[in-house]
Amino acid sequence: MSRLVNGCACTSLRSNLPLVAVAIALFSYSVAKFRAAGTPVPARKPTTVIVREGPYHFSRNPIYLAFSMFQLGIAIWVNSVWLLATLVGAVALIHYIVIPREERYLERKFGAQYLDYKASVRRWL
């Protein structure tokens, strides 16, 4: 069901609320697991441990996944091609530039421990 808001045909919030809610829950759970392990969340601070529990058991990048899911849910809710286009660009940037740089850092810092984790857990899903 759509409604008109500021000249935009918007879908019902109820139809996208589950995607947005899952994204928020995944982000919160991912951050909590980092904090519980004693490693900082901001990428500009040194990583102290490889986290393998919780969402990190099925995705090496659940925070990026949560951001992407959140933006997708909002884009669908407000029926925005621009938000979808920026999502595609953001995911490409994260996938091809940000994550490979982080992975090189983690390989140097943790060696075989990170390589084992990388071999056993997918990058996204």
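None of the values given here were measured: they were computed from a predicted structure.
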Distance col, row Lys45:NZ vs Thr39:OG1, nearest 0.5 angstrom, shows 10.5 Å

Could you walk me through whether Asp116 and Ile50 pass the side-chain contact (heavy atoms from CB on, under 4.5 Å) check? CA-CA 11 Å; Asp116 176 57; Ile50 301 296; over 6 Å; no

Checklist entry - What orientation do Trp124 and His95 show, parallel under 30°, tilted 30 to 60°, or perpendicular over 60°? => result parallel

Check: Phe27 ring centroid to Phe70 ring centroid under 6.0 Å: no

Are side-chain N/O atoms of Thr86 and Gln71 paired as donor and acceptor at under 3.5 Å? yes

request  = I would like to know whether Leu84 and Leu72 meet side-chain contact (heavy atoms from CB on, under 4.5 Å); could you show each step before the answer?
outcome  = CA-CA 7 Å; Leu84 286 175; Leu72 178 62; 3.6 Å; yes

Output for pair (Ser68 OG, Ile94 CD1), nearest 0.5 Å, gives 5.0 Å

Same cluster (ILVMFWY, side-chain, under 4.5 Å), Leu93 and Leu87: no

In terms of heavy-atom contacts, Val51 and Ala37 come closest through CG2-CB, 3.7 Å

In terms of heavy-atom contacts, Leu26 and Phe58 come closest through CD1-CZ, 4.2 Å

Q) Do Val91 and Val98 sit in the same hydrophobic cluster, where Ile, Leu, Val, Met, Phe, Trp and Tyr count as joined when their side-chain heavy atoms come under 4.5 Å apart? A) yes

- Task: For side-chain contact (heavy atoms from CB on, under 4.5 Å), just list the numbers for His57 and Arg52, CA-CA rounded to whole Å, side-chain angles, deciding distance to a tenth of an Å, and then say yes or no.
- Result: CA-CA 5 Å; His57 183 73; Arg52 298 183 77 139; 5.8 Å; no

Please check this pair: side chain of Arg123 against backbone of Asn61, looking for a donor-acceptor N/O pair closer than 3.5 Å. no

field: Heavy-atom side-chain contact between Arg60 and Tyr114 under 4.5 Å
entry: yes

### Query
So Ile99 and Arg101, side-chain contact (heavy atoms from CB on, under 4.5 Å) or not? Walk me through it.
CA-CA 5 Å; Ile99 292 174; Arg101 189 189 81 195; over 6 Å; no

> Judged by atom type as modelled, is there a donor-acceptor pair below 3.5 Å linking the side chain of Lys33 to the main-chain atoms of Pro55?
Replying inline: no

If two hydrophobic side chains count as joined below 4.5 Å and joins carry through other members, does Tyr105 share a cluster with Leu115? no

**Report entry** Donor-acceptor under 3.5 Å (Ser59 side chain, Leu125 main chain)
**Finding:** no

Verify the cluster assignment for Tyr29 and Leu17: are they in a single hydrophobic cluster under the rule of side-chain heavy atoms below 4.5 Å apart? no

Contacts of Phe34 meeting ring-ring contact (aromatic ring centres under 6.0 Å, His included) (sequence neighbours excluded), chain-then-number -> Tyr56

Here the gap from Lys109 atom NZ to Gln113 atom CD, rounded to the nearest 0.5 Å, amounts to 11.0 Å

Exercise for the section: Following the transitive rule for hydrophobic clusters with a side-chain heavy-atom cut-off under 4.5 Å over Ile, Leu, Val, Met, Phe, Trp and Tyr, establish whether Phe67 and Val88 coincide in one cluster. Expected result: no

